[in-house]
Amino acid sequence: GESEVHSAPEGTMAQQQKKQNRPKQPQDPHAQTAKQLSSAAQRLRGWVGSDPSRTPELADALIALTRHRLLGHAYTVAAPDAQESVKLAAQLLTANGPIGPYTSVDDAARYVTAVVHLAVIQSAAGMVEAAAETVGSLTELREQLGSLPLVEALPSSTVVWALCCTARGALASGEVPQANAYADAIVARVAEGGLRQDAEAAYVVVDADRLVSDARWAGGLGSDAVTHLQLARETYDSVVDGRLVQAVRLSPVLRQRLVEPLYGLYRDLADRLLGVEEIDLGILARRRLVELPSPGA
């Protein structure tokens, strides 16, 4: 009996020692922020039930949560809150009377942002024409608002997302010149908004460069298309920062976020390099694609 009494703490010590020796998982601030934003939205849902005056706070919390998820390409997780966000934002937009030049800029910007977020999710799900229509539905609102400085009230990332959805829809409809005109606007907005210097917006920039590449490729501008994919890869590689070399050490959430854009980006880059006769670089990109960790690694 005495040996049993002493064996328990020794076993516990051995487990603790094992835990201490285990390599620590890298921190994931993005996931921590997502948890905080999700908790805040959940708390506000509870409060709004007894105090409807807090509905604008809930609407803003849902916008913040959805935006954060989209910045990490977590489209599926973002979808339910994005739909609720549009519904609440629409209610608040008309709560104080009909839409017009006296509508609050904040209310209008909130609604536009919520709608754009929903379009981004539709586009990511392959519903590119529906996404373009969703963004297109905002045209009437802008006309109703008159000279209200709506676009100035929107973050650059929201404007770029809206332009990307519209350009993808144009490409899907075979409207290549229009898609390239939107691509020009995307390049300008990324630069004006300083998004290339904003680490949080890295995936927005990757998506923007991939869209511009698609538009240029469709327009027969192969060299320009490859340049934008190389820019996308540079931005993406700066996000990954070598962490996929030891993918098994990463939390499943972090690994999934890092891997999500990987295959499409490298596949397109390899194909387009080969398409413009950059054979050696194309083969290198193909080899890199084979060496990459599998999504479930």
Side-chain angles (χ1 to χ4, degrees), residues 30 69-75 120-121 123-124 126 128 131 155-172 176 179-245 254-276 278 280-293 295:
H30 183 94
R69 284 171 170 163
L70 296 186
L71 289 172
H73 280 188
Y75 302 115
V120 172
I121 293 165
S123 186
V128 292
S156 291
S157 55
T158 304
V159 178
V160 169
W161 274 330
L163 289 167
C164 283
C165 288
T166 308
R168 284 234 169 270
L171 279 177
V176 176
N180 272 289
Y182 284 118
D184 292 341
I186 288 164
V187 171
R189 191 63 194 226
V190 166
E192 286 163 17
L195 292 180
R196 290 195 189 279
Q197 291 75 47
D198 181 356
E200 189 189 49
Y203 276 8
V204 180
V205 173
V206 169
D207 295 340
D209 277 321
R210 290 187 69 185
L211 179 281
V212 174
S213 177
D214 289 349
R216 300 307 193 229
W217 191 258
L221 302 168
S223 177
D224 201 7
V226 168
T227 297
H228 277 280
L229 270 187
Q230 286 171 327
L231 283 170
R233 182 188 59 184
E234 283 170 25
T235 304
Y236 172 72
D237 286 347
S238 73
V239 173
V240 173
D241 195 22
R243 286 177 290 180
L244 287 176
V245 174
L254 177 55
R255 184 166 64 238
Q256 186 180 354
R257 192 169 71 250
L258 294 181
V259 167
E260 200 280 332
L262 185 61
Y263 298 94
L265 175 55
Y266 272 90
R267 182 196 60 234
D268 289 353
L269 183 60
D271 289 351
R272 286 178 189 170
L273 282 165
L274 293 168
V276 295
E278 291 279 4
D280 291 348
L281 288 174
I283 290 170
L284 271 176
R286 276 269 165 84
R287 192 175 296 152
R288 175 84 177 106
L289 197 54
V290 173
E291 290 166 357
L292 295 168

To the nearest 0.5 Å, what is the distance between [atom1] on [X] and [atom2] on [Y]?
X	Y	atom1	atom2	value
Y236	L258	OH	CG	6.0 Å
E260	R255	CD	CZ	14.5 Å
S157	L70	OG	CG	9.5 Å

Of all residues at least two apart in sequence or in a different chain, which pass the ring pair (Phe, Tyr, Trp, His ring centres under 6.0 Å) check with Y75?
-> H73

How close do [X] and [Y] get, counting heavy atoms only, and between which atoms?
X	Y	answer
C164	A208	SG-CA, 3.9 Å
V128	A172	CG2-CB, 3.6 Å
A167	I186	CB-CD1, 4.4 Å
L269	V226	CD1-O, 4.5 Å
A232	L265	CB-CD1, 3.8 Å
N180	A215	ND2-O, 2.9 Å

What I'd like to find out is whether the side chain of [X] reaches to under 4.5 Å of the side chain of [Y], using heavy atoms alone.
X	Y	answer
L262	L244	yes
D268	S213	no
D224	W217	no
E234	L229	no
V276	S223	no
R233	V206	no
L211	L171	yes

For the pair R216 and D184, find out whether any cationic side-chain nitrogen is under 4.0 Å from an anionic carboxylate oxygen.
-> yes

Should the pair D214-R168 be classified as a salt bridge under the 4.0 Å nitrogen-to-oxygen rule?
-> yes

Could you check H228 against V187 for side-chain contact (heavy atoms from CB on, under 4.5 Å), going step by step and ending with a plain yes or no?
-> CA-CA 10 Å; H228 277 280; V187 171; 3.9 Å; yes

Evaluate the criterion side-chain contact (heavy atoms from CB on, under 4.5 Å) for residue pair H30 and L254; output intermediate values, then yes/no.
-> CA-CA 9 Å; H30 183 94; L254 177 55; over 6 Å; no

Hey, is the main chain of R257 close enough, under 3.5 Å, to the side chain of Y203 for a donor-acceptor pair?
-> yes

So, the side chain of D198 versus the backbone of E200: is there a donor-acceptor pair under 3.5 Å, distance only?
->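 Yes, because the side chain of D198 sits within donor-acceptor range (under 3.5 Å) of the backbone of E200.
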
